[in-house]
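Step one of this worksheet: look at the structure below.
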Amino acid sequence: MPELPEVETVKRSLSGKLIGKEIRDLEIYFSGNIRRPDPLLMGEMIRGKKFLGIDRRGKYLIFTLSEDLALVVHLRMTGQLLYVDAAFPKDKHTHLVFSLSDGMELRYADLRKFGTFDLIPLSELPQLKGLAQLGVEPLSGDFTVQWLDQMLQNKNRSIKNVLLDQTIIAGIGNIYADEILYEGGIHPETIACNLTEDQVRQLWQATVKLLNLGIEHRGTSIRNYVDGDGRQGGFQELLKVYGRRGEPCVRCGSPIGKTKVQGRGTYYCPNCQPKV
DNA sequence: CTTCGATCCTGAGAGC
DNA sequence: TGCTCTCAGGATCGAA
Ligand SMILES: [Zn+2]
């Protein structure tokens, strides 16, 4: 499912293609993903607007459009944005098609229909629910060991729970959380405020390393993730614990374990990530 | 403050 | 073969 590295990859794959292009038309096959405006009004609202920029915040994509509009997209689990020729066959789960001035189409497909679209005035961007509550960007200068240490002081819940909390750190999902904790040698159920200074430093390093590595490999295609060109990522080959229950740990050979944390499937090495 | 369960949805895989 | 069941999960909400 798209997490920070995947959304970043989608952003990069689309930015060179969309910026400067005008939206000529919008075809809606399924409107359930559209939160704002009323789906009936979206076509009229977006027609004739140009893409001015694409940004990422956490797992959100923010398309800046002409006339002070913003299109905010969250792909959730199975959302895909594809820049393709209009003649290219449509995926069965294609819900939205934006026809562009260059004869190409920006298509939105979403098997599970959980993704969201918000087309709003740019001025309302800072107040958009979900987006407005996002915490620190883990690949920005705001994410420091000091900040992390301070933040964890009063978190009396599992460290995995904290990593998944988008209002604290924006962009980490289930797969990268498990990989980060494995890399840091930290059991996912460790109470956050009990982490040692050394563990906090390990956690910080692992977070930056794994997210960057994910981006370098153009994301993780564990289910149906592809970028704006329909290309799969490569990071799934490098996953060390996620989805590997029973397989030997690459570091120590112990079988990878699986448990549930916060209702999420959670993979870890019982030996390299001892429970305290 | 915290966890927990339900909700949205569909397809893959298991079990029979 | 084909049915039913479980599982997967990001974000949000209400309840405990
Ligand atoms: Zn190990």
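Every chain is numbered from 1 and lettered A, B, ... according to where its sequence line falls, protein lines coming before strand lines.
Whole-Å rounding puts the Phe114(A) CZ to dG11(B) C1' distance at 12 Å. To the nearest angstrom, P of dT10(B) lies 4 Å from NZ of Lys113(A). Atom NZ of Lys155(A) and atom C1' of dT2(B) are 12 Å apart (whole Å). Taking atom CZ of Arg112(A) as the reference point, atom P of dA12(B) lies 10 Å away to the nearest angstrom. Between the CG atom of Asp110(A) and the C1' atom of dG11(B) there is a distance of 13 Å, given to the nearest Å. Atoms CE (Met77(A)) and P (dA12(B)) sit 16 Å apart, rounded to a whole Å. Distance CD1 (Ile222(A)) to C1' (dG13(B)): 16 Å, rounded to an integer number of Å.
Between Lys260(A) and dC4(B) there is no side-chain N or O to OP1 or OP2 distance below 4.0 Å. At the phosphate of dG11(B), OP1 or OP2 sits under 4.0 Å from a side-chain N or O atom of His93(A).
DNA chain C is contacted by Gln166(A), Asn174(A) of residues 160-175 of chain A, taking any non-hydrogen atom closer than 4.0 Å.
Aromatic ring orientation, Phe51(A) versus Phe63(A): perpendicular (interplanar angle above 60°, classes split at 30° and 60°). Ring geometry, Phe235(A) versus His217(A): the interplanar angle falls from 30° to 60°, so the pair is classed tilted.
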- Intermediate values then yes/no, side-chain contact (heavy atoms from CB on, under 4.5 Å), Lys258(A) and Thr266(A): CA-CA 5 Å; Lys258(A) 184 183 181 190; Thr266(A) 298; 6.0 Å; no

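No hydrogens or angles considered: a donor-acceptor pair under 3.5 Å links the side chains of Lys160(A) and Asn174(A).
Here the range on DNA chain C touched by chain A, meaning any atom under 4.0 Å from one of its heavy atoms, is dA8(C) to dC13(C).
With respect to the salt-bridge test (charged N to carboxylate O, under 4.0 angstrom), the residues Glu137(A) and Arg57(A) qualify. For the pair Asp110(A) and Arg76(A), the salt-bridge criterion is not met [side-chain N within less than 4.0 Å of a carboxylate O].
You'll find the side chain of Tyr60(A) stays beyond 4.5 Å of the side chain of Val7(A), heavy atoms only.
Counting any heavy atom pair closer than 4.0 Å across all strands shown, Arg157(A) reaches sugar-phosphate atoms only and no base atom. Residue-level contact check: Ser158(A) touches the backbone only, with heavy atoms under 4.0 Å from sugar-phosphate atoms and none from bases.
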Cut-off 3.5 Å, no hydrogens considered: what does the side-chain donor-acceptor table look like for residues 141-152 of chain A, sequence neighbours left out?
residue	atom	partner	partner atom	Å
Thr144(A)	OG1	Trp147(A)	N	3.0

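The number of heavy atoms from other shown groups lying within 6.0 Å of NZ (Lys90(A)) is above 12.
For Tyr242(A) and Tyr60(A), each mapped to the nucleotide of DNA chain C holding its nearest heavy atom, the one lying further toward the 5' end belongs to Tyr242(A).
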